[in-house]
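These values consider heavy atoms only, across backbone and side chains, with no hydrogens, waters or symmetry-generated copies. These numbers come from a predicted model, not from an experiment.
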Amino acid sequence: DQHAVNVECPKVANPNMSPNIVIGNPDELAKKKAAIRAAGMSSLQVIADFDMTLTKYMVEGRRGQSTHALLSQGSSDYDRKRQELFDLYYPMEISPLIPVDEKTELMETWWGKSHALLVEGGLNIENIRNSVERGTVGFREGITEFFEILDGENVPLLIFSAGLADIIEEILRQKLHRVFPNIRVVSNRMNFDKDGNLIGFVGKTIHVLNKNEHALEMAAPLHDEEGHAVASNGNGASIVKGRKNVLLLGDHIGDLGMSDGVAYDNRISVGFLNENVENWLDTYSKAFDIVVLVSSAVSSKSQSLIKTS
Ligand code: TMP
Ligand code: MG
């Protein structure tokens with residue numbers, strides 16, 4: 001039951017446009033593609049970041065919102081406080097000048113404060129539904145088709161996000177017109193009381209620079225031997241078992257850590273470089289097998305030009 005794997009790298013539809021795909025080492029990529037193809041679909045798993053990887057960086061001319069950013073908790077005071085944190089910390093997140101350990105601490109602080117504000121300011125399930133309805137969020141071109149191909153071939157897709165699991169699942173519900181049984185979400189998961197009010201988060205916080213530490217949770221079971229829910233962010237479970245080839249999609253260097261829990265044979269990594277292109281391109285093209293450039297300058301045009309075939 002082995003199908004040939006067709007993992008083509010994204011192509012620029014119009015060669016006259018600025019090139020927006022960068023492949024650091026074409027020979028190595030060709031080898032990985034051949035190995036993955038030879039092993040077949042039954043050996044493949046896909047691990048994808050969510051915000052600005054599966055979703056668009058620009059949505060109809062506006063900056064796309066992350067799961068955190070689109071969430072309106074029904075208190076303008078608290079929404080403003082979280083926005084102020086974003087304005088302070090996001091430039092640090094994307095800065096190439098801050099050393100990793102220093103940045104890790106900053107990100108821990110940001111996530112800690114942001115989650116605390118969500119609990120303190122109040123949030124209920126209804127806010128989540130409404131926020132997603134109103135949010136500036138959309139999947140990249142080709143993503144729905146990609147999901148369909150993976151589902152058709154029974155290839156598991158793990159969405160691994162430092163955002164909010166409950167929002168991701170609501171976005172999947174609202175933006176896709178069907179349920180994909182092959183998709184699992186590993187992300188910061190909310191804990192609600194019986195009236196649907198947020199009372200806290202489940203497990204350890206996942207931020208953009210500690211995904212590697214959470215990678216093993218993907219293999220964690222959802223239930224213990226007695227059938228009780230396990231307190232873990234992960235719910236990848238057995239669908240990835242024995243799948244030794246990985247296609248990894250991310251927009252942040254830290255996203256490369258998403259596959260740390262997998263003893264893979266081959267991994268093809270695709271990095272979406274959304275901004276600060278000049279500063280990051282060198283690092284990205286060494287770290288990822290394929291870099292997709294979607295700088296703000298070319299984003300609205302290039303969005304429609306990038307096709308995964
Ligand atoms: P990702 O792992 O799915 O890409 O999600 C992480 C993004 O969430 C990261 O780029 C920053 C963003 N974020 C906000 O927009 N607001 C917040 O309050 C926090 C904590 C993160
Ligand atoms: Mg991201």
Linking I/L/V/M/F/W/Y whenever any side-chain heavy atoms sit under 4.5 Å apart, do [X] and [Y] land together?
X: Trp280; Y: Tyr89; result: no
X: Val155; Y: Leu176; result: yes
X: Leu118; Y: Ile168; result: yes
X: Val137; Y: Phe146; result: yes
X: Phe180; Y: Leu249; result: yes

According to the interplanar angle, ranging from 0 to 90°, do the rings of Phe86 and Trp110 count as parallel (below 30°), tilted (30 to 60°) or perpendicular (above 60°)?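 Perpendicular, since the angle between the ring planes exceeds 60°.
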Parallel, tilted or perpendicular for Phe201 and His115, by the 30°/60° rule?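 The arrangement is parallel - the two ring planes meet at less than 30°.
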Minimum heavy-atom separation for [X] and [Y], please, with both atom names.
X: Ala162; Y: Val208; answer: CB-N, 3.7 Å
X: Asp289; Y: Ser269; answer: OD2-N, 2.8 Å
X: Lys56; Y: Arg140; answer: CG-CA, 3.7 Å
X: Asp255; Y: Thr53; answer: OD2-OG1, 4.4 Å
X: Ser75; Y: Gly121; answer: CB-O, 4.3 Å
X: Asn191; Y: Val202; answer: CB-CG2, 4.3 Å

For [Y], is there any backbone N or O sitting under 3.5 Å from a side-chain donor or acceptor partner on [X]?
X: Asn210; Y: Glu213; value: no
X: Gln45; Y: Val246; value: no
X: Arg134; Y: Leu70; value: no
X: Ser187; Y: Ser161; value: yes
X: Asn188; Y: Leu164; value: no
X: Asp166; Y: Ile128; value: no
X: Asp195; Y: Asn197; value: no
X: Trp111; Y: Thr205; value: no

How far apart are the C-alpha atoms of Arg243 and Ser43, what are their side-chain angles, what is the distance that settles it, and do they pass the side chain to side chain donor-acceptor pair (under 3.5 Å) test? CA-CA 4 Å; Arg243 293 183 176 257; Ser43 298; over 6 Å; no
Quiz question: by atom type and distance under 3.5 Å, do the side chains of [X] and [Y] form a donor-acceptor pair?
X: Gln73; Y: Arg82; result: yes
X: Asn245; Y: Asn266; result: yes
X: Asp87; Y: Gln83; result: yes

Do [X] and [Y] have side chains that get closer than 4.5 Å, going by heavy atoms?
X: Arg63; Y: Glu275; answer: yes
X: Val119; Y: Ile199; answer: no
X: Asn20; Y: Val292; answer: no
X: Ile253; Y: Leu209; answer: no
X: Leu44; Y: Ile36; answer: yes

Rounded to the nearest 0.5 Å, what separates atom [atom1] in [X] from atom [atom2] in [Y]?
X: Thr136; Y: Gln65; atom1: OG1; atom2: CD; answer: 4.0 Å
X: Asn279; Y: Leu97; atom1: CG; atom2: CG; answer: 7.0 Å
X: Ser259; Y: Ile47; atom1: OG; atom2: CD1; answer: 5.5 Å
X: Leu117; Y: Glu120; atom1: CG; atom2: CD; answer: 6.0 Å
X: Ile159; Y: Met258; atom1: CD1; atom2: CE; answer: 10.5 Å
X: Ile125; Y: Met190; atom1: CD1; atom2: CE; answer: 10.0 Å

Is the distance between the ring centroids of His207 and His252 under 6.0 Å?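 No, the ring of His252 stays outside the 6.0 Å limit from the ring of His207, centre to centre.
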Centroid separation under 6.0 Å, is that true for the rings of Phe139 and Phe147?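 Yes, close enough.
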Is it the case that Arg80 places NZ or CZ above or below the six-membered ring of Tyr78, under 6.0 angstrom from the centre and within 45 degrees of the axis?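 Judged by the rule, Arg80 and Tyr78 form no cation-pi pair.
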Heavy atoms of other groups near Glu60 CD, more than 12 under 6.0 Å: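 Open.
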Test: [X] and [Y] ion pair at under 4.0 Å:
X: Glu84; Y: Lys81; answer: no
X: Lys31; Y: Asp27; answer: no
X: Arg189; Y: Glu169; answer: yes
X: Lys32; Y: Glu28; answer: yes

Start with the C-alpha gap between Thr67 and Thr55, add the side-chain angles, then the distance that decides, and say whether side-chain contact (heavy atoms from CB on, under 4.5 Å) holds. CA-CA 10 Å; Thr67 57; Thr55 61; over 6 Å; no
Listing request: all salt bridge (charged side-chain N to carboxylate O under 4.0 Å, His left out) pairs with a residue in residues 96-111, at least two apart in sequence or in separate chains.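 Listed once each, the pairs would be none.
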Apply side-chain contact (heavy atoms from CB on, under 4.5 Å) to Asp251 and Leu273, showing your working. CA-CA 6 Å; Asp251 75 307; Leu273 181 46; over 6 Å; no
In sequence, state the C-alpha distance, the side-chain angles, and the governing distance for Tyr284 and Val22, and then conclude on side-chain contact (heavy atoms from CB on, under 4.5 Å). CA-CA 9 Å; Tyr284 270 54; Val22 177; over 6 Å; no
When you look at Val186 and Lys211, which way does the side-chain contact (heavy atoms from CB on, under 4.5 Å) test go after all the steps? CA-CA 10 Å; Val186 178; Lys211 285 187 169 179; over 6 Å; no
